[in-house]
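Remember, it's 1-based here, ligands and their atoms both numbered in the order they're listed. Index from 1, following the sequence. Predicted, not measured: the structure shown is a model, and the values here were computed from it.
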Amino acid sequence: MTARLKLSVVVPTCNRREVLVSRTLPAIFDQDIPANEYEIVVVVDGSTDGTIEALQKLASPCPFHIIGQPNHGPSVARNKGIQKASGDLLLFIDDDIICGANLLKQHLASHAEPEAVVAFGPISLASGTPPSVLKYAIEDWYKKYYAHLSSQGGLAWPGDDYLISNSSVPRAALVACGGFDENMLAKEDYELGLRLWKMGVRFKYLPQAMAYEFYLKPSRYFLRNDGKSFGKTDVLLSRKHPDYRPHSSLAVLGKTVWGKRLWQYLYVRLPLAPVGVLTLPIWVCDKLCRFSTMQKTGHRLLGIGRGVVEFRAAAREAGSWRALQREFGMRLPVLLYHHVGPSRPGTVPGLTVSPERFERQVRWLAGRGYTGISPSDWACWRREGKGLPDKPVLFTFDDGYADLVEHALPILRRYGFGAAVYVVTGQLGGTNAWDEARGSGTLRLMTTEQIRYWATQGIEFGAHSRTHADLTALSAKDLEEEVVGSGKDLALLLGARVVSFAYPYGFHNQAVDDCVRRAFDLAFIADDNNEGMNHLLTDPHLLLRTMVQTNDSLLALECRARWGHNPFLNLRARIGLRSRLKRAVRSVFGSNKR
Ligand SMILES: [Zn+2]
């Protein structure tokens, strides 16, 4: 008979003697597995409330270790616990968590297979938790979080949160990944989970392995101390794990509208955190929190206060508010052009911009402090939060017309602007056959030599399919040919990886998106009903563009660069729609009015 896997329960604690001694530990003593199959390691993290003395008086049925350390936070405490523990499997339980009667048994059973997994169960609030705004907020969060996990059948990294409490991890996996990162003041559990996941460890959700939290944190502490450590951690975590950046709470910085940005700027720069004014109203909400209106109001106030504290702490960590904006809050306008050159007979007039007008536009933007960047620059910033100029703008040209070589590209080069040209790789050196087939006039396309030359001149080339097909109408095999095939053609031509793709006609659906996601880092849509600025939260495979119109004034261009669209055009369109609606109403009800 083989010996059963031994389990070590690691409990870090700081100044929670009462709940630890009267609730947390008794629930671990009282498990339905033999006492020789597990041990308990309590790491007392600088408690000043007599925890160690109280622990020494307890009579434990299983081996029981008490380790003391000066206050260094939960990461250091858990690492100490890992070192001391002798079990093959470690179960982490926080000092305010009360285990269900068969929790240890369920965790042990979930590691029956040889493959390393992290098993984790849900947490809900323990009965008897004193009512407060925070209690209801946490309860609500737990409910939503576990409902989300149940609905998708587990965790999706790196987007989902992860809690280490009520999680069991093989000791070998913890040692292999180096344990908890001691620089993380918060989210240290998520950070560890992310590293384990990257190592290929699977996460197994055990909905039946319930644990209950006796939540005692006062809202003041949650607001100030937790807010500060979360703000700082978000910066550190994003730097350590670039794939976390779009999921960090700082990612909203680029999405935020102008008025809110100003408000953020002001409160981040105040010498003192302006959350003191919230203390009294939150206290009132706490006292009256049995009323749902007060719960909601209190919840909202906590959210506002917490945001302020987090952003201030994050700005401090980044160096300044401006540095934080540069790292997380950049916004990118992407201009879409097709043909820049003299108008050619029979071609779609709306798709042509004259060389004179184009030059005026580039000069105007350069004069306003904009710098033309490439798609790779944006991809790099998304990943690392570095490398963008103050006011970036991305010029993109679909279809790769030969006239660009005569007109647009030399102008861009003169101003030192990067840009991207999306070419139809099956038609290089030919003509716009896809438009000609529909009766349009002929335009020549760039040749392979021209593409190779301009790729050395700061212009980046991206794929625009092989034949400019409507990708949404293709079979899976043909779709693969058009998307992946065009990327391969271009990579072969340039001798380099191709970073981005532009959907022909802007048409895409789920199957097209999925195929593009597998083959490229970035992809651009073209949809005049969906224009705007790109930021960290924008899906990198559905990047927005704004199409520069043939007769755009410099004001219109300024709007596109500033907001990613031309609101005046929309206004005109709206007015047009309104008068059309009026006409329609009149045609129906006209007789009554007369
Ligand atoms: Zn096109």
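The closest donor-acceptor contact from the side chain of Tyr503 to the backbone of Ser465 lies at 3.5 Å or more, if one exists at all. Lys391 places a side-chain N or O within donor-acceptor distance of the main-chain N or O of Arg368, the cut-off being under 3.5 Å.
Counting backbone and side-chain atoms alike, His338 contributes no N/O/S atom closer than 2.8 Å to the Zn ion (ligand 1). Residue contacts to the Zn ion (ligand 1): Asp399 brings an N, O or S atom closer than 2.8 Å.
Ion pair Arg497/Asp521 flagged as a salt bridge, since at least one NZ, NE, NH1 or NH2 atom sits closer than 4.0 Å to an Asp/Glu carboxylate oxygen. Between Lys232 and Glu317, at least one side-chain N (NZ, or NE/NH1/NH2) sits under 4.0 Å from a carboxylate O, which counts as a salt bridge.
With the Zn ion (ligand 1) as the vertex, NE2 of His468 and NE2 of His464 span 100° to the nearest 10°.
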